[in-house]
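Below is one structure, written out as structure tokens, with a few remarks after it.
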Amino acid sequence: MTLMLIDDDVPMLEYVEYLLGSLGLDLKLVASAFSSEDALEQFHTALPDIVIVDIGLPGMDGLELADAFRITKPEVRLIFLTCYEDFHYSKRAIQLEADDYLIKDELSPEQLKSSLAKAMSRFKSREELLERYSFRQAIERNKEVLKQSFLKQLLSGTAGQENTLEFGERLGISWKHPFLRHGFLHMDAASVTERYRYKDIPLIHSAVNNIALELSAAAEASITPIMSRDADIYLVWNVADPRLTENKLAEFMQAVQDKVEQYLKITLRGFYSESCAPVRSFDVLYKTLTDCRENNFYQSVTPVSLLEEHANFGQTLERRGEKERGMLSLALLDQQAAWIDLAVNQWTQQAMAERLLPRLVKETCGDLVRQLAFEAGGLAEEDFFTQLEQTVHIGEAASLTKRELRSLWRQHTLAPAAAEEKDVRLQAVDKYLEEHVDRMVTSTDMAEHLHLNASYFSRYFKKLSGVNFTDYVNQYKMNMAITMLARPHETVENVAYTLGFSDRAYFSKVFKKYSGRNPSEYKAGPVEEDGREP
């Protein structure tokens with residue numbers, strides 16, 4: 001350890017230095033100063049572990065110096081020297097956590113040795129405490145990385161080894177019971193990208209994990225959240241009885257979902273497995289979960305779902321998505337974003353009907369984005385493909401794909417002033433129609449979407465647009481129908497079905513009302529005013 005002496009009485013300084021040589025302590029004198037200014041300069045250079053300082057220094061006294069030293073090196077130990085037995089000095093010295101308060105006239109080798117030994121002991125104890133505190137801080141900063149290491153060790157099949165579980169104990173993972181049940185929380189990528197950027201996803205992932213950790217600390221059940229490398233939070237529930245019917249894991253998932261929705265405004269989906277295994281079989285349990293991760297791809301969306309252990313998916317080598325690719329080309333040609341939703345909806349409906357492998361569905365969604373990026377001369381977000389690969393439900397994959405396609409479409413089609421030419425309220429209506437072009441949207445549907453009274457919306461819309469809502473929607477659909485009918489080999493029946501009409505006769509009636517001609521006449525080619533083919 002290192003020592004510094006400070007006293008404006010030079011003989012006293014020399015006397016203390018002389019005594020040090022005979023004490024047999026493992027101390028090295030690294031600085032001596034006889035003024036406050038010199039003491040400050042030397043302290044910052046030497047940074048000693050212990051300082052013996054005279055209280056009664058001229059200018060900046062010893063107590064003020066000690067304050068300054070503690071700012072630079074909080075763990076420094078202090079021994080004060082003075083010629084006066086003054087209570088106020090003693091009180092200040094105690095407040096500064098001084099190790100001793102020595103009277104110069106009474107100083108002896110034994111007394112000095114005792115004071116220095118006490119200071120050295122306290123310095124070591126404080127240093128050890130700081131080391132432990134620093135170690136704990138390092139663990140907290142890197143806890144998720146260390147948890148990943150813990151998970152890796154468990155997956156190696158060595159979960160029964162004492163050192164692995166002891167490592168978990170140090171991370172705060174204490175599994176006192178013999179069995180494990182598990183599940184995972186999935187961040188819905190479509191909901192995240194509606195509010196945040198792709199580059200924010202790791203931060204949002206950490207925020208969700210922090211919420212899960214906070215709730216797990218207060219939960220009655222022993223549930224351990226571990227961040228996975230994708231956008232999931234893996235959950236392990238330590239149970240005493242594998243036959244337990246009470247589902248604390250589902251309750252915990254719901255609590256995390258509610259809080260995440262409240263603070264982050266994103267959607268989480270929870271999945272749990274009924275499988276239960278001893279701690280030593282953790283690797284088998286985990287593999288079962290990961291193998292089943294996409295088994296609910298076509299199931300109804302619920303906040304918390306039992307993960308299906310078996311799923312039958314169809315496989316095909318036939319090329320898929322040709323018709324949908326044509327629709328995307330029309331989105332650019334006609335400057336109609338509604339074709340995007342039609343294309344994706346048609347593809348996902350086919351996938352659901354055939355229960356295609358989730359991998360094939362995602363591959364085709366990715367191909368649609370790459371095609372539009374190529375035709376539009378744009379660049380798809382690389383993170384889109386990462387998030388698409390991690391989706392767990394067809395609705396999530398479809399919404400994420402639509403969002404990326406619309407982004408590419410806007411980059412290519414919309415001039416800066418285009419959005420300003422139309423009332424922003426009508427833009428909101430158009431966006432909804434784009435997203436639901438394959439449905440018969442009513443004024444009631446639109447009013448509910450805008451959170452307005454239905455009667456008020458009808459009056460409000462006619463005043464805003466000059467036409468009633470039904471005419472507006474039908475004209476919108478008939479403009480699309482005209483473009484579709486111009487395509488080779490297109491049928492009236494398919495156009496009607498695609499635009500949400502279940503009856504061809506009704507579609508033909510609406511088409512003639514808004515276009516002045518029958519669909520079959522338009523299909524035969526354009527007619528000049530005199531009725532002759534051009």
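The analysis underlying the following values was restricted to heavy atoms, covering all of them including side chains, and did not include hydrogens, waters or symmetry mates. Remember, predicted model here, so these are calculated numbers, not experimental data.
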Thinking salt bridges, do Arg370 and Asp367 make one under a 4.0 Å N-O criterion?
->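 Yes, charged N to carboxylate O under 4.0 Å.
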Salt-bridged, Arg269 to Glu396, with N to O below 4.0 Å?
-> no
By ring pair (Phe, Tyr, Trp, His ring centres under 6.0 Å), which residues pair with [X], not counting sequence neighbours?
X      : answer
Phe297 : none
His449 : Tyr432
Phe150 : Trp175
Tyr196 : none

Taking atom [atom1] of [X] and atom [atom2] of [Y], what is their separation to the nearest 0.5 Å?
X      : Y      : atom1 : atom2 : result
Leu19  : Glu110 : CG    : CD    : 9.5 Å
Arg359 : Glu363 : CZ    : CD    : 5.0 Å
Glu309 : Ser275 : CD    : OG    : 4.0 Å
Leu116 : Arg77  : CG    : CZ    : 12.5 Å
Ile79  : Ile50  : CD1   : CD1   : 6.0 Å
Trp237 : Cys276 : CH2   : SG    : 8.5 Å

May I ask you to check whether Asp383 and Gln387 show a side-chain donor-acceptor distance below 3.5 Å?
-> no
Check: Glu381/Thr193 side-chain N/O donor and acceptor closer than 3.5 Å |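 Checked: Glu381/Thr193 side chains show no N/O donor-acceptor pair below 3.5 Å.
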Mark yes or no for whether [X], through its side chain, and [Y], through its backbone, hold a donor-acceptor pair below 3.5 Å.
X      : Y      : answer
Ser114 : Gln111 : no
Ser206 : Pro202 : yes
Tyr298 : Leu356 : yes
Asp38  : Ser35  : no
Gln371 : Leu368 : no
Lys73  : Leu47  : yes
Asn296 : Gln299 : no
Thr288 : Val284 : yes
Lys113 : Ser22  : no

Are the side chains of [Y] and [X] in contact, using a 4.5 Å heavy-atom criterion?
X      : Y      : answer
Leu405 : Val369 : yes
Asp54  : Met12  : no
Val279 : Phe179 : no
Tyr272 : Arg181 : no
Leu180 : Asn238 : yes
Glu194 : Arg403 : yes
Leu249 : Val304 : no
Arg70  : Leu78  : yes

So, for [X] and [Y], which heavy atoms are closest and what is the spacing to 0.1 Å?
X      : Y      : result
Leu372 : Ile340 : CD2-CD1, 4.5 Å
Ala212 : Phe252 : O-CZ, 3.4 Å
Leu3   : Pro48  : C-CB, 4.1 Å
Asn295 : His310 : ND2-N, 3.7 Å
Ile204 : Ile266 : CG2-CD1, 3.7 Å
Ala380 : Leu408 : N-CD2, 4.0 Å

So salt bridge (Lys or Arg N to Asp or Glu O under 4.0 Å) across residues 286-304, not counting sequence neighbours, yields Asp230-Arg293, Asp232-Arg293, Lys287-Asp291, Glu294-Lys362
Sequence neighbours excluded - salt bridge (Lys or Arg N to Asp or Glu O under 4.0 Å) pairs with any residue from residues 2-30 = Asp7-Lys104
Pairs flagged by ring pair (Phe, Tyr, Trp, His ring centres under 6.0 Å) wherever residues 17-36 is involved - sequence neighbours left out |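 As it turns out, there is no ring pair (Phe, Tyr, Trp, His ring centres under 6.0 Å) pair with a partner in residues 17-36 once direct neighbours are skipped.
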Of all pairs that satisfy ring pair (Phe, Tyr, Trp, His ring centres under 6.0 Å), the ones with a partner from residues 215-236, not counting sequence neighbours =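 Sorted result for residues 215-236: His182-Tyr234, Tyr234-Tyr286.
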Take atom CD in Glu41; do more than 12 heavy atoms of anything else shown fall under 6.0 Å from it?
->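 Not more than 12 within 6.0 Å, no.
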Please list, chain by chain and in numerical order, all residues satisfying salt bridge (charged side-chain N to carboxylate O under 4.0 Å, His left out) with [X], sequence neighbours excluded.
X      : result
Glu448 : none
Asp258 : none
Arg406 : Asp341, Glu435
Arg195 : none

Can Ile52 and Ile6 be said to form a side chain to side chain contact (heavy atoms under 4.5 Å, CB included), step by step?
-> CA-CA 6 Å; Ile52 298 177; Ile6 307 167; over 6 Å; no
Going through the checks in order, is the side chain to side chain contact (heavy atoms under 4.5 Å, CB included) test met by Val76 and Phe43?
-> CA-CA 11 Å; Val76 68; Phe43 182 86; 4.1 Å; yes
Under the side chain to side chain contact (heavy atoms under 4.5 Å, CB included) criterion, do Asn247 and Glu251 qualify, and how do the steps go?
-> CA-CA 7 Å; Asn247 199 339; Glu251 294 174 12; 6.0 Å; no
Might you work through the side chain to side chain contact (heavy atoms under 4.5 Å, CB included) test for Tyr198 and Val192, ending with a clear yes or no?
-> CA-CA 8 Å; Tyr198 280 112; Val192 175; over 6 Å; no
